[in-house]
Amino acid sequence: MNPEQTNQIPKSKKTGIFIAIGVIVILALVVFFAERGSSTPTTSTENPTSAPLESTNPTAADNNPPATTSEQTSSAYKDGTYTATGSYMSPGGPDKVGLSVTLADGIITDATFTPMPGDPESAHYQNLFASGCKQLILGKNIDSVHLTVVSGSSLTSTGFNDALNQIKAQAKA
Amino acid sequence: MTRFTFEAIGTSWRIDIDAKLSSLQEAELLSSIKKRIDEFDKAYSRFRKDSLVTEMSQKSGTYELPDDAPAMLDLYKELYDLTEGKLTPLIGNVISDAGYDASYSLKQKKELETPPFWNEVLEYNHPKLTMKKPAILDFGAAGKGYLIDIVGEVIESKGISAYLIDAGGDIRHRGTEAIKVGLENPDDFKQVIGVFELKNGSICGSAGNRRRWDKFTHIIDPKTLNSPTEIVATWVAADSTLLADGLATALFFVEPEKLGKFRFEYVIIYSDRSFKASDSFKGSMFDA
């Protein structure tokens with residue numbers, strides 16, 4: 001994992017806020033176009049990101065074709081992966097961020113935030129935001145990792161577990 | 001190397017000791033450990049009919065607490081204040097009424113009632129604890145961690161400096177060689193989501209996934225009278241198991257920043273399976 005990971009956007013630095021605004025705008029755009037896509041039932045090749053972005057800063061969207069598209073569902077949004085690039089003005093000059101969102105049944109099932117920093121300071125904040133954007137737990141089989149001990153939900157209460165097993169058995173009967 | 005495995009206070013214990021002990025020494029040590037555990041249990045367990053805590057739940061009055069009480073009671077009071085009353089030993093009646101009672105009925109007995117404030121019931125001036133009215137005290141949040149520390153003291157009193165105590169996933173380590181502690185995946189017990197290197201310290205985890213009945217876990221928010229659902233698991237590493245255990249529960253109620261007066265490392269797993277970790281834990285989580 002990136003050692004700089006955190007879910008917190010640095011509040012004292014404007015850059016972080018600009019990025020956040022940029023991302024929110026992109027996300028809104030992606031969802032907007034996903035919705036628009038659903039009104040054209042049989043086509044799914046329409047580029048969902050071709051409009052200029054409005055933001056507190058001069059912004060423009062790059063055109064990126066959707067990476068994947070899938071069949072129609074009953075949801076208001078069309079399934080698929082949508083990609084967008086947002087621009088924003090940081091104290092160090094214009095900067096860009098990329099965002100890719102996968103929708104299934106109107107739910108965002110995956111999101112990738114791609115930092116495209118113009119200078120090292122922006123790189124730092126963009127990476128911070130990227131890690132906060134999505135940072136999920138991943139498991140490995142216990143057998144594949146050499147361990148001394150495992151720490152988890154406490155197994156306190158043999159009595160508790162016994163009782164629970166009895167209840168389960170009763171519920172089945 | 002010596003290894004003890006046994007069951008006590010409803011959980012399985014494993015103690016590894018690096019030093020070479022004679023079988024007589026082993027037998028003596030194990031017997032003093034078990035005796036000490038029983039002593040602790042007899043004071044603080046709400047699951048025992050003959051415990052001090054059970055007596056306190058039946059009649060008000062002034063009680064004399066054992067010598068080991070201050071460290072645990074003081075931490076409980078500190079965490080009570082820092083969590084604005086959410087982490088409280090007075091949750092006992094609530095948990096018990098919810099079904100996690102001495103007979104493990106796991107059936108909610110009645111409508112849950114908001115527990116009283118600390119000062120309404122408790123007045124503590126060691127060794128005297130006055131119960132202004134009877135109440136079930138629950139030391140589940142930090143009691144096991146504290147008992148692990150106490151067992152560590154028993155071991156150290158025999159001149160042993162390198163050992164490992166694992167009581168149902170709460171761990172205390174002493175020694176110069178780090179051990180690898182797997183962090184159990186709350187969704188799959190056959191998996192770990194990271195490996196924490198522990199040396200000369202303690203790690204405790206808290207999660208609602210195993211002890212769960214009806215809509216409750218072992219943690220109940222006294223304000224909402226529900227179990228917190230935003231967080232599925234926490235781990236805390238600290239110098240003492242008492243502190244690690246208490247903070248692992250406190251994190252279900254407050255942001256880690258609120259607990260800044262303590263020195264600890266943490267990881268919090270949220271219900272969407274994202275996580276937030278302090279520096280030491282960040283490096284321990286598996287990479288995507």
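In what follows, every chain begins at residue 1, and chains take the letters A, B, ... in the order their sequences are listed. Bear in mind that the values here come from a model prediction, so they are computed numbers and not experimental data.
- Remark: Arg46(B) qualifies as a cation-pi partner of Tyr100(B) under the 6.0 Å distance and 45° angle criteria applied to the six-membered ring.
- Partners of Ser271(B) according to the side chain to side chain donor-acceptor pair (under 3.5 Å) rule, which considers only residues two or more places apart in sequence or in another chain, do not exist here.
- Heavy atoms of Leu198(B) lying under 4.5 Å from chain A are absent altogether.
- Contact annotation for Asp188(B): neither backbone nor side-chain heavy atoms come within less than 4.5 Å of a heavy atom of chain A.
- To the nearest 0.5 Å, the span separating CZ on Arg172(B) from OG on Ser240(B) amounts to 8.0 Å.
- With a 4.5 angstrom heavy-atom cutoff, Ile171(B) touches chain A only via side-chain atoms.
- There is a side-chain donor-acceptor pair under 3.5 Å between Trp235(B) and Ser151(A).
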